[in-house]
**Student:** 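One structure follows; several queries about it will come next.
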Protein chains: 2
Amino acid sequence: MKVNHNTAERILDIAQELIQRRGYNAISFTDIADGVGIKKPSIVHHYPSKAALGKAVVKRYRETFASALNSIANDPEKTAFEAFDFYCTPYLDYGKTRDMVCLCGALAGEFTALPKSVQKEVSQFFEAHISWLQMILERGKNSGEFRFSEASHAMAMHILDSLQGALIVKRATGNFEHLDKTIELLKEKLCVVG
Amino acid sequence: MKVNHNTAERILDIAQELIQRRGYNAISFTDIADGVGIKKPSIVHHYPSKAALGKAVVKRYRETFASALNSIANDPEKTAFEAFDFYCTPYLDYGKTRDMVCLCGALAGEFTALPKSVQKEVSQFFEAHISWLQMILERGKNSGEFRFSEASHAMAMHILDSLQGALIVKRATGNFEHLDKTIELLKEKLCVVG
DNA sequence: GTCTATACAAAGATAGAC
DNA sequence: GTCTATCTTTGTATAGAC
């Protein structure tokens with residue numbers, strides 16, 4: 001994890017982590033300011049409102065994922081299986097922590113209580129992931145790596161749903177097996193030879 | 001849906017619906033009071049704190065489920081497939097709504113920001129559902145209705161995760177297909193003949 | 001760009017009349 | 001059991017000095 005020394009970015013770092021741990025409506029400028037080591041009005045200087053900060057956090061998260069997923073997809077050396085495995089990595093990592101979930105998984109739990117601009121980013125995140133997964137699934141099917149009978153779009157939705165669900169249930173039960181088992185079952189479902 | 005005329009129960013009804021729509025930290029005594037048609041202090045008369053109210057809401061939800069699941073499991077007329085199908089019904093129903101998710105799915109998204117007493121109820125809800133599903137899966141395997149190679153406990157976790165994840169992603173994307181597709185895929189995975 | 005000080009609204013909760 | 005009135009804290013946000 002890269003460490004930022006730029007204040008605007010450090011605010012995003014702390015805000016993101018706090019949302020992943022506690023959610024959007026449970027955190028305040030004071031919490032973020034304490035984490036960064038500055039005062040409340042300094043945050044407002046960088047982000048004019050909580051909604052603007054929330055949007056910036058999700059936008060960065062979404063774009064970081066988009067960039068990484070894009071790289072993998074465009075790398076001719078990578079197989080569809082490797083791309084799928086890469087996709088699972090952050091879920092596995094969060095799955096090992098006691099109280100962190102995907103940023104957008106946390107936000108989805110309080111979706112209708114979010115500012116519209118934040119909702120939009122969250123929706124885009126999920127839609128981009130479903131599209132990317134669908135593409136990788138089709139590629140793997142064509143290459144013979146994957147074997148499944150369902151529509152690739154339905155499979156893509158199912159993979160996303162399972163991983164997001166596994167993270168939130170993991171945290172609520174304290175059972176860290178959820179992620180490992182989910183990925184195992186998904187791979188089996190895809191008939192991965194891997 | 002039964003309509004309650006008892007104030008204490010009506011408070012639980014409204015609080016539950018509001019949490020399912022917006023989450024715990026985004027709602028207030030004022031929101032609930034407006035929904036019930038009373039004033040804030042009347043809520044406090046019935047539930048001494050927000051934490052106590054939250055706990056009561058989840059406890060009732062959990063017990064209502066436990067009772068229904070118990071009835072199905074103890075009914076000798078019901079097959080394992082019928083029990084599984086019954087389990088999916090509320091998810092399907094919430095899946096058709098624009099902005100409702102499972103009460104405990106919503107709460108899981110802000111788990112660490114919940115009062116300890118509420119956390120405990122949510123954990124118990126998930127654990128009870130996993131145990132119940134595991135039992136039904138084993139029963140179906142023994143009767144020849146289900147065919148799966150994984151541990152029944154892992155399958156039970158996976159079913160719960162998928163359904164919970166499908167609900168929150170459904171709401172965040174506005175794509176109502178998530179639940180239907182999830183259940184279809186789960187049934188196929190179980191090699192359901194039914 | 002960061003701070004102190006402050007405004008203003010909303011939150012959870014209490015006191016006490018009816 | 002429900003209300004009005006109030007307390008206290010915390011929230012987001014602004015003004016203006018440094």
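Naming: A, B, ... by sequence-line order, numbering from 1 per chain. Heavy atoms only: backbone and side chains are in, while hydrogens, waters and symmetry mates are out.
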**Student:** Going by atom types only, do B/Tyr24 and A/Glu110 share a side-chain donor-acceptor pair under 3.5 Å?
**Tutor:**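 No pair is found: no donor N or O on one side chain lies under 3.5 Å from an acceptor on the other.
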**Student:** Within a radius of less than 6.0 Å around NZ of A/Lys187, do more than 12 heavy atoms belonging to other residues, nucleotides or ligands occur?
**Tutor:**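 More than 12 heavy atoms, drawn from other residues, nucleotides or ligands, come within 6.0 Å of this atom.
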**Student:** Report the distance from atom CZ of A/Phe29 to atom P of C/dA7, rounded to the nearest whole Å.
**Tutor:**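 Those two atoms, CZ and P, are 20 Å apart.
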**Student:** Strictly below 4.0 Å: does B/Lys39 bring a side-chain N or O up to OP1 or OP2 of D/dC3?
**Tutor:**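 Result: no.
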**Student:** Does A/His45 make a side-chain N or O approach to OP1 or OP2 of C/dT2 shorter than 4.0 Å?
**Tutor:**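 Indeed not, no polar side-chain atom of A/His45 lies that close.
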**Student:** Give one of base, sugar-phosphate or nothing for B/Ile27, where a contact means two heavy atoms less than 4.0 Å apart.
**Tutor:**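 Sugar-phosphate, no base atom in range.
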**Student:** Examine C/dG1: is either OP1 or OP2 under 4.0 Å from a nitrogen or oxygen in the side chain of A/Thr7? Give yes or no.
**Tutor:**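 Checking C/dG1 against A/Thr7, no side-chain N or O comes under 4.0 Å of OP1 or OP2.
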**Student:** Using OP1 and OP2 only, check whether a side-chain N or O of B/His46 sits under 4.0 Å from D/dT2.
**Tutor:**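 The answer is yes; a side-chain N or O of B/His46 sits under 4.0 Å from OP1 or OP2.
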**Student:** Under 4.0 Å from OP1 or OP2 of D/dC3: is there any side-chain N or O of B/Ser42 that close?
**Tutor:**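 So the side-chain polar atoms of B/Ser42 do come within 4.0 Å of the phosphate oxygens OP1 or OP2 of D/dC3, strictly under.
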**Student:** Please tell me which of A/Ala26 and A/Pro48 maps to the more 5' nucleotide of DNA chain D, matching each residue to the nucleotide holding its nearest heavy atom.
**Tutor:**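 So the residue in question is A/Ala26.
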**Student:** Going by atom types alone, do A/Tyr91 and A/Gln164 pair a side-chain donor with an acceptor below 3.5 Å?
**Tutor:**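 Yes, side-chain donor-acceptor contact under 3.5 Å.
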**Student:** If you look at every strand shown and take non-hydrogen atoms under 4.0 Å, does A/Ile32 touch a base, only sugar-phosphate, or nothing?
**Tutor:**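 No contact.
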**Student:** Can you confirm whether or not the ring centre of A/His153 sits under 6.0 Å from the ring centre of B/His178?
**Tutor:**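 No.
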**Student:** What is the separation between atom CG on A/Asn25 and atom C1' on C/dA11, rounded to the nearest whole Å?
**Tutor:**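 After rounding, the reported distance stands at 13 Å.
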**Student:** Please determine, for the side chain of B/Ile38, which listed nucleotide (C/dT14, D/dC3, D/dT14) has the closest atom?
**Tutor:**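 Among the listed nucleotides, the one closest to the side chain of B/Ile38 is D/dC3.
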